[in-house]
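Beneath this line is the structure, given in structure tokens, with notes to follow.
The first residue in the sequence is number 1, and the count goes up from there.
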Amino acid sequence: MENLLLGIQKLCSVQIILFIVMGGVVGLLAGAIPGLNDTNILTLFLSFVVFLDPFPAVILMTAVFVACQTAGSIPAILINIPGTPSTAASTLEGYPMTKNGMAGQALGCSFASSLSGTVIGGVMALLLAPILGRYALSFGPPEMFMLALFGMTAVASLTGNSVPKGLLSAILGLLVGTIGMDYFVGVTRSTFGVAELYGGVPQIPLLLGLFGVGELYSLVFKKSIGSGDSRTKGPDMRSQWEGFKAALRYRWTCLLSAVIGFIIGVIPGTGATIASFTSYGMARSLSREPERFGTGYYGGLVATDTANNASVPGSIVPALTLGIPGSGTTVLFISAFLMHGMQPGPSFFNSYLPESNAIFLTVILVGCLATVVGMFAAGYMVKIVSLPTSILVPLIAVFCLLGGYICRAKVNDLFIMLAFSILSIFLKKYDYSLPAFLLGVILGPIIEPNFFRALAISNNNPAVFFTRPICIVLWIMCAAALLMPRLMSRRAKKQEGHV
């Protein structure tokens, strides 16, 4: 308790409060603009924070990180373009709600879920960080392979109308994820001589192509995002508050998603994207109304956005306690510490416990700040969906082009974006799962190297995937994810028979 009070005391200065507010506002703006994300913005900040003292520098970066995750759902909900890669799962329920004339309710639900995930994750980090940081090391290559396999299986089987098509989508995504330099042989694969693909398919052009430009093709033939009586008409704070209160009714979904998001965030090399998709699949498998998922269901949006934000404090835990990044963004946190002569690792909490507590308290504070500011700002942003498509489509196209280019300032990224937009048309036309495909691409660089590393440490004995306790548990969870759709279908038929 004494160290917690010392952490609060460290935040009680005008300078630190200004950095929290500034970081929160910048993060909200960056997250709401498709093409920008927390990693881009924090990379820019890294050249600035080197001139600050260590503690204010990390507080500023934490504020940007948290606010970005909260704001990334805004464009995902309104125009089906994820503001950050981790909010791609928010499109599954958020955008259908917008098309049903419930954009304000969807944003309110998203802000409530983000706040819940941030607060619960922050509290868990304060209480469990020193313990969980050590246990995260128990996830070796076999466990990382199985965790990624479970995440992909859960999403492939629980999104879309067909399990085989979901699995095929995920496998196709895995094949796309192998594009680039081979990890062990050192040769390029499927790059066709395009230098921009040597490091793999860039995520931002991929996301903008699948969810942004791909959606434009269908919007061209509509008068607005919503049609007829469902068209969004001037949503205000009241509609957002309605969605906010609706999210609070899903207490158990919120709590379970926060725990899933935090734990996956703690595991090095995973991140918010895996957390949000895994939570969504788990929520659907446990729901009494699984048929409502994908149609604009509050419970699905609560699951994705709660897990997404709970993973943020989770990913900071291994960065502080082990010096190992829990996500790509926390690599920049470690860089900031090292630039100021502070070595993250097992002794960090002993040397800087008040500062560590202050970082997790900042996560909670920024979550509250981002929710309040976001709800006021979103009241204006939400009117975007009422614009006619003759205006909206060119605007979205410009944002997609800018976002695809500024990511790496390479013209070929625009052609990559266009290629994936065409692929998304065919996937949607033949009812293949876009989320499963996306997760396959994201998990490919995790699944492949960890598979071969696991075989290397076991002298090419595949039993390593079936004998370790954590692997056994994950195999059971994979089997449950594959069987769950059949069980849900049988339960639905029995309920129809009793009616």
Side-chain angles (χ1 to χ4, degrees), residues 128-156 167 170-171 173-190 198-201 260 262-275 277-278 311 314-328 330-331 334 343-348 439-482:
L128 304 175
I131 302 170
L132 290 177
R134 298 188 187 98
Y135 281 102
L137 284 179
S138 63
F139 274 72
E143 288 80 11
M144 289 298 298
F145 169 79
M146 284 305 307
L147 178 66
L149 185 65
F150 165 68
M152 189 179 69
T153 304
V155 172
L167 292 174
I171 292 171
L174 280 177
L175 291 175
V176 173
T178 62
I179 294 174
M181 190 74 68
D182 183 271
Y183 288 92
F184 297 96
V185 183
V187 298
T188 57
R189 301 174 298 186
S190 307
Y198 286 179
V201 178
I260 290 173
F262 179 78
I263 292 175
I264 291 180
V266 168
I267 299 170
T270 52
T273 306
I274 299 174
F277 276 111
T278 302
S311 70
S315 65
I316 296 175
V317 169
L320 298 184
T321 60
L322 303 173
I324 299 173
S327 66
T330 50
V331 172
I334 295 175
Q343 179 65 55
S347 62
F348 186 85
L439 202 61
V441 177
I442 293 171
L443 293 179
I446 296 176
I447 287 179
E448 183 187 14
N450 281 294
F451 175 77
F452 287 110
R453 286 174 190 147
L455 291 178
I457 63 175
S458 63
N459 294 321
N460 291 323
N461 185 0
V464 69
F465 299 110
F466 302 94
T467 55
R468 295 165 73 113
I470 296 176
C471 290
I472 294 171
V473 172
L474 289 169
W475 274 118
I476 295 171
M477 293 172 69
C478 286
L482 290 172

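By the side chain to side chain contact (heavy atoms under 4.5 Å, CB included) test, V201 pairs with V176, I179, L197, L206, I416, F420, sequence neighbours left out.
Across P141 and A454, no two heavy atoms sit closer than the pair CB-N, 3.7 Å. The nearest pair of heavy atoms linking R189 to M181 is NH2-O, 4.2 Å.
Rounded to the nearest 0.5 Å, atoms CZ (F277) and CD1 (I264) are 12.0 Å apart. In this structure, the separation between CD on E143 and CG on L474 is 8.0 Å, given to the nearest 0.5 Å. Distance check: I260 CD1 to T278 OG1 gives 7.5 Å after rounding to the nearest 0.5 Å. From I476, atom CD1 reaches atom SG of C471 across 11.5 Å, with rounding to the nearest 0.5 Å. Note that CD of E448 and CG of N450 are 10.5 Å apart. Values are rounded to the nearest 0.5 Å.
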In residues 459-467, what donor-acceptor pairs under 3.5 Å come from side-chain atoms, sequence neighbours left out?
residue, atom, partner, partner atom, Å
N461, OD1, A463, N, 3.1
T467, OG1, A463, O, 3.0

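A donor-acceptor distance shorter than 3.5 angstrom exists from the side chain of T178 to the backbone of L175, with no hydrogens or angles considered.
Residue pairs satisfying the salt bridge (Lys or Arg N to Asp or Glu O under 4.0 Å) criterion with at least one member in residues 469-478, sequence neighbours excluded, are absent.
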